[in-house]
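See below for the structure under consideration.
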Amino acid sequence: MTGATAPLQVEPLSAAAFEPFGDLIAPAAARDAFAVNAGSATRFDDLATIEVGAAGGRPRLGIFRAAPRPLPFTVALLERHPLGSQAFVPLDPRLRYVVVVAASPQQQPRAFLAGGGQGINYRPGVWHHPLIALDGGDFLVLDRGGPGSNCDEVALATRWTIDPR
């Protein structure tokens with residue numbers, strides 16, 4: 001199907017739906033929550049499994065400033081990071097973005113609409129599309145720094161169109 005285009009439905013992002021690909025990062029998804037700072041704050045722990053130590057890796061914290069991507073949007077490639085996980089957390093809870101993931105480049109991807117401050121963490125090796133921010137804004141990113149090649153990219157035989165209208 002080289003050059004073919006197919007529609008890709010966008011589904012709501014939930015911890016259960018995203019579990020095969022990684023973790024939902026949101027207070028509702030916390031495995032543990034407790035009061036801190038003399039009760040003036042709540043700490044939500046274990047929101048994601050961060051894996052960055054392979055092949056001498058180290059945690060790398062950064063900010064991605066994403067330009068808004070208009071719809072319809074064509075998904076023509078996927079990438080993966082075989083040596084580490086990659087987490088994205090919007091710094092503005094109003095920011096919406098689409099998360100596209102697939103079991104492999106040969107299989108139909110899934111698309112999730114994230115919003116309301118939801119972040120995501122891709123497991124190592126999970127095929128995904130680079131950030132698709134519907135609203136421009138900043139994302140806190142936690143991924144792997146260090147030696148070794150940690151980004152594989154592939155063009156898709158079938159292009160997928162996201163157009164929720």
Side-chain angles (χ1 to χ4, degrees), residues 1-26 29 46-91 95-115 118-163:
M1 287 180 56
T2 302
T5 303
L8 184 59
Q9 297 299 314
V10 179
E11 45 188 301
L13 178 63
S14 70
F18 193 69
E19 193 278 329
F21 310 102
D23 307 298
L24 173 64
I25 300 174
D46 286 332
L47 294 173
T49 302
I50 305 301
E51 301 176 63
V52 296
R58 60 174 173 75
R60 178 173 62 178
L61 185 64
I63 292 178
F64 281 24
R65 180 155 293 148
R69 303 252 194 151
L71 296 176
F73 182 85
T74 301
V75 175
L77 65 90
L78 293 176
E79 67 179 26
R80 69 177 176 179
H81 307 287
L83 299 179
S85 58
Q86 187 178 46
F88 289 85
V89 179
L91 293 178
L95 200 151
R96 299 167 306 135
Y97 60 107
V98 176
V99 178
V100 175
V101 290
S104 77
Q106 294 76 34
Q107 294 186 350
Q108 178 173 337
R110 291 178 70 183
F112 298 97
L113 178 62
Q118 292 176 313
I120 55 97
N121 180 57
Y122 299 115
R123 287 195 181 99
V126 166
W127 288 100
H128 63 279
H129 191 278
L131 188 59
I132 305 170
L134 300 179
D135 309 306
D138 292 347
F139 288 79
L140 187 69
V141 178
L142 179 58
D143 62 359
R144 181 189 179 280
S149 176
N150 192 33
C151 187
D152 300 327
E153 192 175 282
V154 64
L156 298 176
T158 300
R159 293 173 174 241
W160 301 89
T161 302
I162 298 170
D163 188 1

Do side-chain atoms of [X] reach the backbone of [Y] as a donor and acceptor pair under 3.5 angstrom?
{"X": "D152", "Y": "E79", "result": "no"}
{"X": "D23", "Y": "L47", "result": "no"}
{"X": "Q118", "Y": "L24", "result": "no"}

- For E153, all residues meeting side chain to side chain donor-acceptor pair (under 3.5 Å), sequence neighbours excluded: none
- Message: If the condition is side chain to side chain donor-acceptor pair (under 3.5 Å), which residues does S104 pass it with, not counting sequence neighbours?
- Response: Q106
Cut-off 3.5 Å, no hydrogens considered: what does the side-chain donor-acceptor table look like for residues 52-62, sequence neighbours left out?
{"from": "R60", "atom 1": "NE", "to": "D143", "atom 2": "OD1", "distance (Å)": "3.0"}
{"from": "R60", "atom 1": "NH2", "to": "D143", "atom 2": "OD1", "distance (Å)": "3.4"}
{"from": "R60", "atom 1": "NH2", "to": "D143", "atom 2": "OD2", "distance (Å)": "3.1"}
{"from": "R60", "atom 1": "NH2", "to": "R144", "atom 2": "O", "distance (Å)": "3.3"}

State the [atom1]-[atom2] distance between [X] and [Y], to the nearest 0.5 angstrom.
{"X": "R123", "Y": "N121", "atom1": "CZ", "atom2": "CG", "result": "8.5 Å"}
{"X": "R69", "Y": "L71", "atom1": "CZ", "atom2": "CG", "result": "11.0 Å"}
{"X": "E11", "Y": "L113", "atom1": "CD", "atom2": "CG", "result": "10.5 Å"}

- Query: F112 pairs by ring-ring contact (aromatic ring centres under 6.0 Å, His included) with which of Y122, F18, Y97?
  - Reply: F18
- Item | Validation row: P105, L156 side chains within 4.5 angstrom (heavy atoms) | yes
- Message: Are the side chains of W127 and V154 in contact, using a 4.5 Å heavy-atom criterion?
- Response: yes
- Parallel, tilted or perpendicular for H128 and H81, by the 30°/60° rule? tilted
- Query: P109 pairs by side chain to side chain contact (heavy atoms under 4.5 Å, CB included) with which of I162, T158, V99, V100?
  - Reply: V100
